[in-house]
There are 2 protein chains.
Amino acid sequence: MLERELLFQLEGETACCGVTLAQCHALLELSFSEFSLSGLAAAVDLDVSTLSRTVEGLVKARLVERTQDLADRRSVRLVLSAAGRMKVAAIDEMCNRYYTGLFEELSEKDQRCIVRAVGLLAHTMRSRRRVTNGQQSCCSTPQRSNQQRRPARPRKAEKEGSK
Amino acid sequence: MLERELLFQLEGETACCGVTLAQCHALLELSFSEFSLSGLAAAVDLDVSTLSRTVEGLVKARLVERTQDLADRRSVRLVLSAAGRMKVAAIDEMCNRYYTGLFEELSEKDQRCIVRAVGLLAHTMRSRRRVTNGQQSCCSTPQRSNQQRRPARPRKAEKEGSK
DNA sequence: GGCAATTAGTTGTATAATACAATAATTGTA
DNA sequence: TACAATTATTGTATTATACAACTAATTGCC
């Protein structure tokens with residue numbers, strides 16, 4: 001199927017200037033609203049531990065502000081900083097430039113077709129992912145890459161006595 | 001742009017049953033024709049060293065046959081084995097199943113639109129990638145992920161004397 | 001023909017991303 | 001009040017990746 005070609009092409013597109021892909025995902029989600037860490041982890045489909053480190057980098061880069069949630073001090077609130085908003089805009093701009101350039105090679109009809117198709121695909125795939133998240137249908141199951149999954153490590157020996 | 005959504009969705013789709021993504025790429029390319037290692041590395045846009053290891057796994061799994069190139073004994077020829085062909089077919093099948101299911105939620109008109117758009121996108125992006133490979137336009141430059149790039153390591157001290 | 005340069009693939013090495021496990025602090029509940 | 005559950009962070013191990021180094025084969029040049 002021709003769709004495979006697209007899949008492989010897009011799979012290779014990972015560079016987001018100055019931030020990692022995971023950071024880019026996080027920035028995008030945060031541009032829509034404020035999140036807790038676990039909330040954002042769910043939104044970007046990353047393990048909490050990984051996201052914690054990812055966000056650490058963003059905070060260090062002053063793209064994200066992390067404040068303690070006063071309603072629950074275990075929790076943090078993550079918000080885009082002004083610089084973060086600018087970064088998102090910059091990434092947007094670059095993407096737009098790329099796709100604009102891409103579109104120049106196509107007729108207006110083709111452009112509309114693509115925009116429409118992309119919207120449909122995005123919508124359908126997202127909803128499908130929500131529905132099928134528990135199944136192992138493979139190859140298009142939008143879970144984290146399998147190669148990173150490893151056997152659960154044996155738990156350490158039972159704690160001796162209570163702390 | 002809505003395209004971003006698609007990008008992020010597809011980025012998460014990495015699982016290819018029993019093989020890594022890189023292996024999957026390699027298998028796909030090999031399903032089209034036979035390659036040398038460096039040729040395949042260019043086709044899948046992976047460093048030769050990485051691909052060498054990747055192919056090693058495929059050879060171990062008997063999905064790929066690696067023979068010495070009689071015309072140049074430095075070189076190897078990589079061919080899909082029968083099992084490899086079956087694996088590609090199986091992956092194909094699974095992908096088809098996914099997209100078929102996806103399409104069920106869409107009208108026939110929408111389906112045609114998507115097929116058409118995907119074909120156009122794939123074709124245009126591929127040719128564009130060929131043209132712009134040297135530029136750092138970012139965010140959609142289909143190069144390997146930036147986060148894996150690291151500063152060149154200092155060369156070891158000049159070799160003392162010739163071997 | 002001999003030697004330097006180039007090439008192809010393999011191996012060494014270090015980095016980054018990732019998830020499971022463990023931990024500390026906090027909150028919820030009986 | 002005590003214990004279970006929750007949240008974020010830290011520890012740890014694995015995997016994929018690319019640059020460097022290496023080895024062997026080939027090519028180019030004198």
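Chain A is the first sequence line, chain B the second, and so forth, proteins listed ahead of strands; every chain is numbered from 1. Everything numeric here is computed off the predicted structure, so don't read it as measured data. Only heavy atoms go into these numbers, but all of them, side chains included; no hydrogens, no water, no symmetry mates.
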Exercise. Applying the side-chain contact (heavy atoms from CB on, under 4.5 Å) test to B/Q23, which of B/L63, B/V55, B/T54 qualifies?
Worked result: B/T54
Seminar exercise, completed: CD of B/E29 to SG of B/C24, rounded to nearest 0.5 Å, is 11.0 Å
For this session: Before giving the answer on salt bridge (Lys or Arg N to Asp or Glu O under 4.0 Å), spell out for B/E65 and B/R77 the whole-Å C-alpha distance, their side-chain angles and the decisive distance to 0.1 Å.
Result: CA-CA 8 Å; B/E65 280 161 10; B/R77 306 307 301 171; over 6 Å; no
Exercise. Quick one: on DNA chain C, does A/T54 or A/R73 contact a more 5' nucleotide (nearest heavy atom)?
Worked result: A/T54
For this session: Starting at atom CG of A/L51, determine the distance to atom P of D/dT9, rounded to an integer number of angstrom.
Result: 9 Å
Exercise. Just by modelled atom types, is the A/R62 backbone N or O under 3.5 Å from a matching donor or acceptor in the A/S81 side chain?
Worked result: yes
Exercise. When the distance from CD of A/E56 to P of C/dA17 is rounded to whole Å, what number comes out?
Worked result: 13 Å
For this session: Please state how far atom CD in B/Q68 lies from atom C1' in C/dG9, giving the value in whole angstrom units.
Result: 12 Å
For this session: Mind calculating the distance between CG (B/D45) and P (D/dA16) to the nearest angstrom?
Result: 17 Å
Exercise. To the nearest 0.5 Å, what is the distance between CG (A/L80) and CZ (A/R85)?
Worked result: 5.0 Å
Seminar exercise, completed: Atom CD of B/Q23 and atom C1' of D/dT15 are separated, to the nearest Å, by 12 Å
Exercise. Given B/E56 and B/R66, is the side chain to side chain contact (heavy atoms under 4.5 Å, CB included) satisfied, shown in steps?
Worked result: CA-CA 9 Å; B/E56 176 71 16; B/R66 178 173 52 191; 2.9 Å; yes
Problem set entry | Step-by-step side chain to side chain contact (heavy atoms under 4.5 Å, CB included) determination, A/L51 to A/V44 | CA-CA 9 Å; A/L51 185 65; A/V44 301; 4.2 Å; yes
For this session: Grab the CG-C1' distance between A/D47 and D/dT10 for me, whole Å please.
Result: 12 Å
Exercise. D/dT17 phosphate, OP1 or OP2: any side-chain N/O from B/R53 under 4.0 angstrom?
Worked result: no
Problem set entry | Contact state string [nucleotides 1-8 of chain D, B base, S sugar-phosphate only, - no protein heavy atom under 4.0 Å] | ----BBSS
Exercise. Atom CG of B/L46 and atom C1' of D/dC19: how far apart are they, to the nearest Å?
Worked result: 14 Å
Exercise. Roughly how many Å is it from CG in B/L58 to C1' in C/dG9, rounded to a whole number?
Worked result: 16 Å
Problem set entry | Distance-only donor-acceptor test (3.5 Å): side chain B/T50, base D/dA18 | yes
